[in-house]
Amino acid sequence: MARLVPRSLAGQTFVLQLVVIAVMVLGGSALAIVDARRDGDAAARLQVTGIAGALAESPATAAAIESGTATAVLQPVTERVRADTQIAFITIMAPDRTRFTHTNPELIGRPYIGTIEPALQGRTFTEVYTGTLGPSIRAVAPVRSSSGEVVGLVSAGITQQTLFSRWQQQLPQILLIAAGALLVSLIGIWAIRRRLLRQTHGLAPTELQVMYEHHDAILHSVSEGLIVLDRHGVALANDEARRLLALPAGDVDKESLPAFLRSYSPGARDEVHVTGDRVLVVNRSRVPGNRSPETEVVTIRDRTELQGALGELDSMKVFTESLRSQAHESANRLHTIVTLVEMGRGDEAVRFATTELELSQQLVDRLSESVGEPALAALLLGKSAQADERGIELTITDETVIPSDNEHAVLSGQELVTVVGNLVDNALDACDRSDPWVEVTVRQDGEHLLIQVADSGPGMDAEEFSRARQRGYSTKSGGESGRRGLGLALVSQVVDRHEGTLTAEVTYGSVVTVTFGPPA
């Protein structure tokens, strides 16, 4: 029995629809047959009633009965009417049932078989009765004289055999219509079956259920955000995607999405985007097939914490590279000093050894004393060495002060590294190569924090600076564009998170200022 039931959903749907349509067509055909027969009976009643009534109301009928010439006058008339209307009989009789006319002339003069009482009372009626010609539907109407007296009766009837013959003539038409309806229905459900096969890939209902359950479980358990976008907005989003993008519950339209997801852009790989408080890595893939145009799958990973850690690691890397460079430079200086001593120039050797060392040690001592955040101190020392290698004069102003016991710290060490490191990197890249200099000030006074980075570059106007705060914008070309474009966006993210201000102006140079804390 199980083998008779198709395995696939399309097959099961086909069989179910076939059974339902077959039952409906067959049932409808049966009802049509019954209805046709009932309509035939009703039409026959109307027909015989009309014929009997017309003959009974004719003045010639009453006159022939009253004159005693009913048979001679009315028999030809009734037979002609019967032939024209194709009914079984027309009998005109006396009130005592004596027939004046009949289809079979031999029965004229004999008593009429059937009910006549209602007609004797002056009322026309119909009945089904078995007479000399078999079962028939007949009507009986009274014939009245000019004075209103019932002087005779007219009975007209049609046999059920005749009605059956008429009904049989309609049967082929009913069956043809039923067969046509069944054929059209079969073609329709066959087309539906083919479409279901394509859409379900021939899977059984249990397999579709398992697939849905697995899909739903995977969708909500993966640690990455997953979104399916179509032309109308978000077709599907898992819990992690809603959390990362701060999407509302329920349906989501395109206006609720971040700007970088509002356009159709399949093929993107490992794009980094900055939202209000997160750094996101985005991959986008087109959904194959022509049935889903402008539909794509977007995966989203959170790199917020990783980006901060990378910033600190970058500062340590810069510091380490500067130490390595200094170690290499120290070896060169040491060889120079030894050679000067061997040449008998001791005073020159001492001056050469102490000049650079004093300057470097002064910077280390000053930052160690004034900057209580170790990560920021290491970053500034590393950037100073990096600038020196690139031939850029980097000045850390004497106003730079971060208390070591900072009870009112506005930013964490990681956030300080993010803001200062990215601003200094941008300044080192943007300064004028004919007069390269960068000036850095980081000062905290109570709950107020000022970070200011100036350089000798041309600076940016308000519109350009606004664009630069969006991820992906850079005034440079080539491989460093993405990094610098992300850097200022990361600074803006920290500023927005702590309700600070970020401004740019051109005064003694290009000056970018970040401030945090309550208004003065």
Verify side chain to side chain contact (heavy atoms under 4.5 Å, CB included) between V140 and T115, making sure each step is shown before the conclusion. CA-CA 8 Å; V140 182; T115 305; over 6 Å; no
Candidate pair L423 and L488, rule side chain to side chain contact (heavy atoms under 4.5 Å, CB included), full reasoning: CA-CA 7 Å; L423 291 180; L488 196 54; 4.1 Å; yes
Using the side chain to side chain contact (heavy atoms under 4.5 Å, CB included) rule, take V282 and R284 through it: C-alpha gap first, then chi angles, then the decisive distance, then the call. CA-CA 7 Å; V282 177; R284 308 174 75 163; 3.8 Å; yes
L245 vs I227, side chain to side chain contact (heavy atoms under 4.5 Å, CB included): CA-CA, chis, key distance, verdict: CA-CA 10 Å; L245 299 177; I227 293 181; 3.3 Å; yes
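Residues I87 and R82 approach most closely at O-CG, 3.1 Å, considering heavy atoms. Taking each heavy atom of V410 and E415 in turn, the nearest pair found is O-OE1, 4.5 Å. Here the closest non-hydrogen pair linking R45 and V128 is NH2-CG2, 3.5 Å. The heavy-atom pair separating A430 from P458 by the smallest distance is O-CD, 4.0 Å. Taking all atoms of both residues into account, the shortest heavy-atom contact from I116 to P95 is CD1-O, 3.8 Å. The shortest non-hydrogen separation linking F125 to P118 is CD2-CB, 3.4 Å.
Between V491 and N426, every side-chain heavy-atom pair lies at or beyond the 4.5 Å cut-off. For the pair M93 and T98, the minimum side-chain heavy-atom distance is 4.5 Å or more. R144 has its side chain out of reach of V151: every pair of non-hydrogen atoms, C-beta onward, lies at least 4.5 Å apart. Within the 4.5 Å cutoff, the side chain of T513 has no heavy atoms near those of the L502 side chain. Using a 4.5 Å heavy-atom cutoff, the side chains of Q493 and T418 are not in contact. Using a 4.5 Å heavy-atom cutoff, the side chains of I451 and L416 are in contact.
Summarising the geometry, atom CG belonging to L46 is positioned 11.0 Å from atom CD1 belonging to I51; distances are rounded to the nearest 0.5 Å. Separating the OG1 atom in T85 from the CZ atom in R80 is a distance of 11.5 Å, to the nearest 0.5 Å. In this structure, OG1 on T61 lies 12.0 Å from CG on L153, to the nearest 0.5 angstrom. Between the CD1 atom in I158 and the CD atom in Q86 there is a gap of 8.5 Å [rounded to 0.5 Å]. The CG atom of D496 sits 10.5 Å away from atom OG1 of T501, with the distance rounded to the nearest 0.5 Å. Y129 OH to Y112 OH: the interatomic distance, rounded to the nearest 0.5 Å, is 8.5 Å.
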Enumerate donor-acceptor pairs with a distance under 3.5 Å from any side-chain N or O in residues 62-76 to protein atoms, sequence neighbours excluded.
unit_1	atom_1	unit_2	atom_2	d
S67	OG	A63	O	3.0
S67	OG	A64	O	3.0
S67	OG	T69	OG1	2.8
T71	OG1	F100	O	2.8
Q75	OE1	H102	N	3.1
Q75	NE2	H102	O	2.9

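Residues satisfying the salt bridge (charged side-chain N to carboxylate O under 4.0 Å, His left out) criterion with R301, sequence neighbours excluded, are E224, D270. Residues passing the salt bridge (charged side-chain N to carboxylate O under 4.0 Å, His left out) test with E499, sequence neighbours excluded: none.
Applying the 6.0 Å contact sphere to CZ of R97 captures more than 12 heavy atoms from other residues, nucleotides or ligands.
Distance alone, capped at 3.5 Å, is enough to place a donor-acceptor pair between the R99 side chain and the P111 backbone. S285 contributes no side-chain N or O that, together with a main-chain N or O of V297, makes up a donor-acceptor pair within less than 3.5 Å. Remark: side-chain polar atoms of T124 are not paired, donor with acceptor, to backbone N or O of T49 under 3.5 angstrom.
Using a 3.5 Å distance cut-off with no hydrogens or angles, the side chains of S155 and T91 do not pair a donor with an acceptor.
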